[in-house]
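The next block holds one structure in the form of C-alpha cells; read it before the comments.
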Amino acid sequence: MLAFLLLASLPVLAQELTVPASVKAGSSLSIPTTGSGQATFSLLGPRSAVKRNLPLGKAVEVAPEEISVSGRYVVLLCAETCRSSTFFVQPAEAASLAVLVHPSRAPVAVNGAISAVGLRFDKFQNLVLAPGAIGFRFAENGGQVTVLSTAAKDGVAWVRTNSGRHAGPLQVTATVGTLTLTRVVQLVASDPCNLRIKAQRTAKGVLVETEPVRDCAGNPVPDGTIVSFTQTGLSKKDTVDAPVKQGVARALMAASGASVISVASGVVMGNEIRMGGQ
Amino acid sequence: MKFGLPIILVVATVALIAFATLSPTQLRTVGVNTGSAVAEATAGGGTPEAAVSALLADIQRRDWDRAYARLSNTSELSKSAFVRDVAGTAASLRNYASLESWDVQPMHESPNEATVRAALRWSTAVGQIANSMDLTLAKKDNTWKAVWPVTQTVKVPTQVIPVNYLRWDIVTASGDNEWGQQNIDAPHVRIISMNAVNSDTGPVIMGEIVNEDTVPAFVNVNASLIDANGNVIDEESSFDKISHILLPKQVSPYRVDFPGYALDDHVKSIRMDPKAVLAPASADPVIAVLQQQLTGDADGRKVLQGQLMNQSGQVVNISHAIATFYDKNGKVIWVSDGYVDRALFPQTPENFSLEVPGKVAGEVQSYHVVVNQYTIGKS
C-alpha cells in the first residue's frame, strides 16, 4: 500500500518550480523545473498571459518583455497535475519623470498657490515605488530661485509653495538623478492696487485716464483688464467699461454739469474726481 | 378609385392656397383693437385709429409704397429713410424682425389733428420685442394721415479712430499628448453676489459674477432648486441674462428664472454652479452707456432709460443691455435686460429702455448697466 502511494506521487514530485520572490521588470528570468516528460508552462501577469509547452527538467526561460509590467505574476506548470507559484516584478530604475504642476496661471504673492507633483517611471512606464527624493526648483522671472526636495511616498512626491512677487513665467524643474523635466507656471498680476484716475476737459468731453494700473506688488495688470468709469450727475449717470491698453485705461465722458467720476476694476474701487459744471 | 386620394389632396391644397391668398390680413391683424374690419383698416383714414392700423398693416406686409402713401409728412421724410427707419439697417435685429401685432389707443383728437399711441410687438430672432410710439395724425382731404417721426441722425464727421487692437486667441496643443503634459486652466470666475426672490413668474436667482482671471472667459451660471432630501427640483441656466464673454476683472449680472415654481417650504436650498471656459475674445468695441436715468415710460411703468454709444469705428449689429439694480445696502434686487433692435453706428447714440418691476422700483438706489455686443463676422 505504501509502495502504491509512493508510486502515485512520483509524477507530482517530478514537477517542481523554483521562482524568485521578486525580479526587476524587463530582466531575464530563468525558472528551473524538475521532473521528466512534457508540461505546459503558463505565466499570468497583470497585463499579459503566456502559455507554452516545454520539457520538464530544464529551466524555463522567460523573456524580458514578458515581465516588463510590474505587479504580481502567477506561474503554472501542468503535467498530469499542476503546480503553481507566484512572484513579484518590481519596477526597474527610474527612466523618466512626469511632473504635474497646478495651476497653469497663478496671481503673484499668494501663499501656497502652486503645487507640483513628481512621479518616476521606469523605461516600461511602471511607477517606481522605491523610496527616493525628487528635487523641485522654482525659478522666477526676476531671478529668485527656490529649491525644495521631498521624498517620494508610494511613488509620489509633491510640494506646495507660494507664488513669487514678479509676474512672468515661473519655471518649475523637477530633478531625479540625471532626469529633469521643466514645466512653466505663468505668474500674473493680482488685483489692481491704488487705482487712480485723472480727468482732463477736451473739446469732445472729459477724457478720463487711469494712472498705470498695477497690483500691490507693482506688476502691471495685463492689457485687456476692464476698468469701469462711472460719471454720476444730479439725475443721470454715464458708465464706460474700458480695457487697459498699454498699461492705462481711458474713457471719454460727457462734460455735463457737476458730476462725480469714479473708477473700479473688478471688486476694487479707485479714487473719485468731482467735476464742476461749466 | 386609385386617383381618388390624389384628387382630394390636390383640391384641398388649391382650396387652402386660395384661402390663404384671399385672406392674409385677417390672419395677421391680431393687434387691431378698434374692431375695424380689415378691409376698412386697409383702406384706412376714417378714424385716427383706423389710419394707424392701416399703416401698421402695410408695414406688417412690408408694402412700403402703400405705407409711405399713408404718411402726411412725405415732404420731409424720403421713402428710403422711412423704410430704413422701420425695417432697420446694418443687419440689426430689426432687419430680421416682423411686426407681429399691435394695439392702438387714441390719446387726443381734434378736428384736424390727433395723437394715437401704438403698442407694437415685433417678432425677432431673440424673441418678442415690444415698443410703443405716439403717432401724430393730420387730417387732409377728410383722411387721417400719420406724421411719421423724423429721426434726427447724428452727423458724424469723417474721422480716423485709432484702435489698438487687442484680442485673445486660443491655440490648442498639437502633436502627441505626453502624460502629465501641462494644459491651460479654465478661467477663474467667482459669484460675488446672489439673491433669490419670488417673482410673478416664479423664483428668480440673480446676482453678479466677476472674472478674476487675466484671460477672457465664456461664462454661464446654472442654478438648481434643492428639496429637503437633497433632490434637484429644477435646474435652469442664465441663458442670455448674462454677459457671456467676460474680459479680465469684468463684472456681469446674471439672472436665472424658474418659471412655474415658487420659493416655498419645499425648496430648502439653491445650488449655484458657475461655469467658465477659455474663449477667444476681443477688447473692442467699447460701448459707453450714457444718460442713464430711472424714469417712467409712456405707459406709466418705471424704466431705466439711456443711450448706448459705440465708441469704436465699427458697426455693432446687435446690442443687448443688462442692468443690475441695487437697494440702499448695495444688494442686488433685480436684473433686467433688453435688446436694442437698431445697429450701433460709430459715435452715434442709440436709445435703450429696461423695465423695472413695480415691486422693486421703490427700493432701487443705484444700478449698473453692461452691454453685450454681437458683430457679424466676430465672435
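Looking at B:Ile192, the atoms closer than 4.5 Å to chain A (heavy atoms on both sides) all sit in the side chain, from C-beta outward. Residue A:Gln246 touches chain B through its side chain alone, counting heavy-atom pairs closer than 4.5 Å. Proximity to chain B is absent for every atom of A:Pro107, based on heavy atoms less than 4.5 angstrom apart. At a 4.5 Å heavy-atom cutoff, A:Val268 makes no contact with chain B through either its backbone or its side chain. Heavy atoms of A:Ala264 lying under 4.5 Å from chain B are absent altogether. Neither the backbone nor the side chain of B:Glu208 comes within contact range of chain A; no heavy atoms are under 4.5 Å apart.
Of all residues spanning residues 243-250 of chain B, those with a heavy atom less than 4.5 Å away from chain A's heavy atoms are B:Leu247, B:Pro248, B:Lys249, B:Gln250, arranged by number.
One distance of note links CD of B:Gln305 with NZ of A:Lys236; it measures 9.0 Å at 0.5 Å rounding. Here NE2 of A:His102 is found 5.0 Å from CG of B:Asp185. Values are rounded to the nearest 0.5 Å.
Taking B:Val286, B:Thr214, B:Val371, B:Ile287 one by one and counting their heavy-atom pairs under 4.5 Å with chain A, the maximum is reached by B:Thr214. Considering only heavy-atom pairs separated by less than 4.5 Å from chain B, the leading option among A:Pro222, A:Pro243, A:Gly224, A:Ser190 is A:Gly224. Chain A forms the most heavy-atom pairs under 4.5 Å with one residue out of B:Val210, B:Val215, B:Asn211, and that residue is B:Val215. Contact count versus chain B (heavy atoms, under 4.5 Å) is highest, among A:Thr239, A:Val221, A:Thr225, for A:Thr239.
Within the structure, the salt bridge (charged side-chain N to carboxylate O under 4.0 Å, His left out) test picks out the following pairs touching residues 248-272 of chain A (sequence neighbours left out): A:Glu209-A:Arg250. Among pairs with a residue in residues 116-136 of chain A, none fulfils salt bridge (charged side-chain N to carboxylate O under 4.0 Å, His left out), at least two apart in sequence or across chains.
The neighbour count for A:Trp158 CH2, taken as heavy atoms of other residues, nucleotides or ligands under 6.0 Å away, does not exceed 12. Crowding of A:Arg214 atom CZ: a count of heavy atoms from other residues, nucleotides or ligands under 6.0 Å exceeding 12. The 12-atom threshold is exceeded at CG of B:Asp273, counting heavy atoms of other residues, nucleotides or ligands nearer than 6.0 Å.
Within the 4.5 Å cutoff, no side-chain heavy atoms of A:Asp238 are placed close to those of B:Met309. At least one side-chain heavy atom of B:His368 sits less than 4.5 Å from a side-chain heavy atom of A:Asp241.
In terms of modelled atom types and a separation under 3.5 Å, the side chain of B:Gln292 and the main chain of A:Lys237 share a donor-acceptor contact.
Ion pair A:Arg105/B:Asp213 flagged as a salt bridge, since at least one NZ, NE, NH1 or NH2 atom sits closer than 4.0 Å to an Asp/Glu carboxylate oxygen.
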How far apart are the C-alpha atoms of B:Arg167 and A:Asp223, what are their side-chain angles, what is the distance that settles it, and do they pass the salt bridge (charged side-chain N to carboxylate O under 4.0 Å, His left out) test?
CA-CA 10 Å; B:Arg167 177 177 172 81; A:Asp223 276 6; over 6 Å; no
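Under the rule for a side chain to side chain contact (heavy atoms under 4.5 Å, CB included), the partners of A:Ala251 that lie at least two apart in sequence or sit in another chain are A:Phe229, A:Val240, A:Met253.
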